[in-house]
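Just so it is clear, the values below take in all heavy atoms, side chains as well, and ignore hydrogens, waters and symmetry mates. Chain identifiers are assigned alphabetically (A, B, ...) following the order of the sequence lines, protein sequences preceding nucleic acid strands; residue numbering begins at 1 within each chain.
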Amino acid sequence: MPELPEAEAYRRLAEAAVGRRVVAVSTPDLWYLKGGTDRDALEAALVAARVLDVRRHGKRVLVDVDSGHVLGLQFGMTGTLELDGEAGVGDLRYTPSRREPGWVRFAVRFEEGGVLAVHDPRRLGGVTLDPDLSRLGPDAAVVRPAVLARALAASHAPVKARLLDQSVVAGVGNLVADEVLWRAAVDPRRRSADLRRAELGRLHRHLVATLEDLLARGGSHLGDLGPERRPGGRCPKDGTSLARAVVGGRTTWWCPAHQR
DNA sequence: ATTGTGGCCTGCCCGC
DNA sequence: TGCGGGCAGGCCACAA
């Protein structure tokens, strides 16, 4: 599902729209507009405006336009960004691989040709004009070690729940969290505040490296642990049967032998 | 305030 | 063969 690596792939794809001018906005699913955004406001902000830049923060993609507004895109678990009919990533886990016109929830058409569209079967994503990003933590791909350490030290929640909290660090979803904790050899159930300095250091290092790695591989589900997140799955490091539990409200897989 | 839970959404997979 | 229940998780509202 779209986590930071997918959002970054979408951002890179959408960069090809920089400089184009919007001529039409399509909002076939008004439910998909979030945060008080309505069709009229979107049209007023986007039609005749030119794309200046495409940014990303955490799992969000932000399109700056020269009317002074920002188009905020979220993808939930099944959303794909497409430009000119090309999808930003290949497969998404838990998402039907086929494409149906009815699953396009939002689109803008450009004067120069081409379309930027959000395709989302399960409608868990959304579109927001001028989104409020004030409650998002630092982007996970560039968070400083000391900032991450401070955020984790301040909580008694399980470390995995902390990593999933977008106000702590933005961009980590369920699959990335499991992969990072597995690589860093940290038990996801550990109380965040109990982590030692060395463990915090490992977490930061593996967080940044894992995000880079998964972006290069082309998906959050393409981690080393990924294929083993299933009944009967074994730790790729030591062959131990993986443990499964709900941690931080999410299905969690980890190696009970080397994650401590 | 912090932490945890449930619901939303809907396609798909498994078992009967 | 069809059907229904459970499952997936990002995000938010709400409860404790």
Between [N] atom [atom2] and [X] atom [atom1], what is the distance in whole Å?
X      : N      : atom1 : atom2 : result
A:R250 : B:dC8  : CZ    : C1'   : 11 Å
A:N174 : C:dC7  : CG    : P     : 15 Å
A:R122 : B:dC13 : CZ    : C1'   : 11 Å
A:E100 : B:dT10 : CD    : P     : 13 Å
A:L164 : B:dT5  : CG    : P     : 14 Å
A:R105 : B:dC9  : CZ    : P     : 12 Å
A:W31  : C:dC12 : CH2   : C1'   : 11 Å
A:D120 : C:dC11 : CG    : P     : 12 Å

Review point. Quick check: are there more than 12 heavy atoms from other residues, nucleotides or ligands sitting under 6.0 Å from CD of A:E111?
Key: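 Count over threshold, so yes.
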
Taking the side chain of [X] as its heavy atoms from C-beta onward, which of [options] lies nearest to it?
X      : options               : answer
A:P121 : B:dG11, B:dT3, C:dG9  : B:dG11
A:H156 : C:dG10, C:dG9, B:dT3  : B:dT3
A:M77  : C:dG9, B:dG4, B:dT10  : C:dG9
A:A161 : B:dG11, C:dC11, B:dG4 : B:dG4

Checklist entry - At under 4.0 Å between heavy atoms, what does A:R230 touch on the DNA or RNA strands: base, sugar-phosphate, or nothing? => result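 No contact.
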
Under 4.0 Å: is that the gap between some side-chain N or O of [X] and OP1 or OP2 of [N]?
X      : N      : result
A:R123 : B:dT10 : yes
A:W103 : B:dG11 : yes
A:K34  : C:dC12 : no
A:T251 : C:dA8  : yes
A:Q166 : C:dG10 : no
A:S155 : B:dT3  : yes

Can a salt bridge be assigned to the pair A:R12 and A:E15 using a cut-off of 4.0 Å between side-chain N and carboxylate O?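 Salt bridge between A:R12 and A:E15, a charged N being under 4.0 Å from a carboxylate O: no.
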
- prompt: Do A:S220 and A:E6 meet the criterion of a side-chain donor-acceptor pair at a distance under 3.5 Å?
  reply: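 Yes.
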
When the nearest nucleotide of DNA chain B is assigned to A:R162 and to A:L124 on a heavy-atom basis, which residue is associated with the more 5' position?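 Nearest nucleotide further toward 5': that of A:R162.
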
Salt bridge (Lys or Arg N to Asp or Glu O under 4.0 Å) between A:E8 and A:R56, worked out
CA-CA 7 Å; A:E8 177 59 20; A:R56 179 191 59 73; 2.8 Å; yes

>> Going by side-chain contact (heavy atoms from CB on, under 4.5 Å), A:Y32 matches just one of A:T37, A:V118, A:T27. Which one?
In response: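 The passing option is A:V118.
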
